[in-house]
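Working notes for the structure below.
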Amino acid sequence: MSFTVAIDGPAAAGKGTIARAVAERFGFHHLDTGLLYRAVGVKGGDPAAAAAGLTPADLERGDLRSAEAGQLASRVAAIPEVRDALTTFQRRFAAQEPGAVLDGRDIGTVICPDAAVKIYVIADDQTRAARRAAELGADPAEMLAQLRERDTRDGARAAAPLRPAEDAVILDTTAMTIAQAVAAAVALVSERRAAAG
Ligand code: C5P
């Protein structure tokens, strides 16, 4: 049976880095689900149609990681038809053998409510803004304003709002190095795998 790891949390908390490392450690597939919403956002036109017609090439555009693409993504992500159009792809991805790690906002709550491991990654605002600013070579104050705007929109929307699943383990990476955060996540996955036999 496949083993699904759901990693959710607000922007720039460390989800992607942790998800990639966990996938590599266990030989699991990895999907950064934010890329799907970013691709829909930058594609333009009718968002629901863009989501329904998303192609692998759309996910390879070079501009998907920009702050602007993040803002566009969070706008289209509030549209229920967009979320519905992306659900089947994500669930199929999650069911792959021997396992899959998906990171996003609603993996543990909506996409994979039965995931074997659910981790909700958080870090304080200033830390997240500083990390994202360093990554994109941008101004920390501007990043902070953008992250807050995005988190507010993601948390307030009616469709799959940003929140931890009831059975998620909260991982606060504010005072952690990347290695420490990855080690904590790997330990949790190892423990659950052993328990699952
Ligand atoms: O994680 P990332 O910053 O790439 O996500 C961009 C935006 O896509 C988020 O701000 C959120 O609005 C949306 N998103 C979502 N559900 C997911 C992943 C991302 O709504 N599973």
Side-chain angles (χ1 to χ4, degrees), residues 4-23 29-44 47-48 50-51 54 58-94 100-113 115 117-123 125 127-136 138 142-165 168 171 173 181:
T4 306
V5 181
I7 304 189
D8 293 303
K15 299 183 300 290
T17 306
I18 294 170
R20 266 191 305 279
V22 167
H29 304 273
H30 169 232
L31 180 65
D32 168 0
T33 63
L35 276 187
L36 304 174
Y37 295 91
R38 285 171 181 260
V40 171
V42 299
K43 209 166 172 186
L54 212 60
D58 292 328
L59 300 177
E60 272 155 30
R61 288 177 58 145
D63 55 354
L64 295 184
R65 305 262 175 210
S66 70
E68 194 194 352
Q71 292 294 340
L72 289 168
S74 114
R75 291 204 178 86
V76 298
I79 304 170
E81 290 77 14
V82 167
R83 307 199 72 84
D84 287 349
L86 300 174
T87 298
T88 306
F89 173 79
Q90 293 176 83
R91 289 195 176 141
R92 282 211 187 109
F93 191 96
V101 184
L102 284 79
D103 70 88
R105 302 291 186 291
D106 63 338
I107 308 303
T109 50
V110 175
I111 303 295
C112 303
V117 181
K118 297 181 186 177
I119 302 175
Y120 193 81
V121 187
I122 56 170
D125 292 9
T127 305
R128 293 190 289 125
R131 286 179 188 161
R132 189 46 61 91
E135 194 181 303
L136 298 176
E142 197 179 308
M143 282 297 105
L144 182 60
Q146 287 196 9
L147 288 184
R148 283 188 175 150
E149 187 188 332
R150 211 140 64 87
D151 291 345
T152 303
R153 197 185 293 122
D154 292 348
R157 69 188 180 210
L162 172 67
R163 62 173 176 80
L171 181 61
T173 67

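Just so you know, residue 1 is the first one in the sequence shown, and it goes up from there. Read the numbers this way: they start at 1 and go in the same order the structure lists the ligands and their atoms. Hydrogens, waters and symmetry mates are skipped; everything else that's a heavy atom, side chains included, is used.
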Atoms of ligand 1 under 4.0 Å from any heavy atom of D106, numbered from 1 in the order shown, are 16 (N), 17 (C), 21 (N)
Are T173 and I18 close enough that some pair of their side-chain heavy atoms sits under 4.5 Å apart? yes
Backbone N/O of G108 and side chain of K118: donor-acceptor pair under 3.5 Å: yes
Would you say ligand 1 has an N or O under 3.5 Å from any N or O of D32? no
A student checking ligand 1 against A77 at a 4.0 Å heavy-atom cut-off should list atoms 12 (O), 13 (C), 20 (O)
Nearest non-hydrogen contact with atom 2 (P) of ligand 1 belongs to which option: R105, K15, Q71? R105
Below 4.0 angstrom from a heavy atom of D154, which ligand 1 atoms are there? Numbered from 1 as shown, please. 9 (C), 10 (O), 11 (C), 12 (O)
Quick one: look up the protein heavy atom nearest atom 6 (C) of ligand 1 and list residue, atom name and how far away it is. R150 NH1, 3.3 Å
Measuring from K15:NZ to Y120:OH, what's the distance to the nearest 0.5 Å? 8.5 Å
Can you sort out which atoms of ligand 1 are near A73, meaning under 4.0 Å from one of its heavy atoms? 6 (C), 7 (C), 8 (O)
Taking the non-hydrogen atoms of R83, is any one of them nearer than 4.0 angstrom to ligand 1? yes
So, the side chain of R150 versus the backbone of P10: is there a donor-acceptor pair under 3.5 Å, distance only? no
A side-chain contact here means heavy atoms from C-beta on lying under 4.5 Å apart; do V82 and L86 qualify? yes
R38 side chain reached by R61 side chain, heavy atoms, under 4.5 Å: no
Nearest 0.5 Å, please: how far is CZ in R75 from CD in E149? 6.0 Å
Using distance alone, decide if ligand 1 has a nitrogen or oxygen within less than 3.5 Å of any nitrogen or oxygen in T33. yes
Heavy-atom side-chain contact between R83 and D106 under 4.5 Å: yes
Applying the salt bridge (charged side-chain N to carboxylate O under 4.0 Å, His left out) criterion to R105, which one of D8, D151, D32, D154 satisfies it? D154
Taking only heavy atoms of S74, which atoms of ligand 1 are found under 4.0 Å from at least one of them? 10 (O), 12 (O)
Backbone or side chain, does any N or O of R38 fall under 3.5 Å from an N or O of ligand 1? yes
Which of the numbered atoms in ligand 1 are under 4.0 angstrom from any heavy atom belonging to R157? 12 (O), 15 (C), 20 (O)
Considering non-hydrogen atoms of the protein only, which is the closest contact for atom 8 (O) of ligand 1, and what is the distance? Y37 CB, 3.5 Å
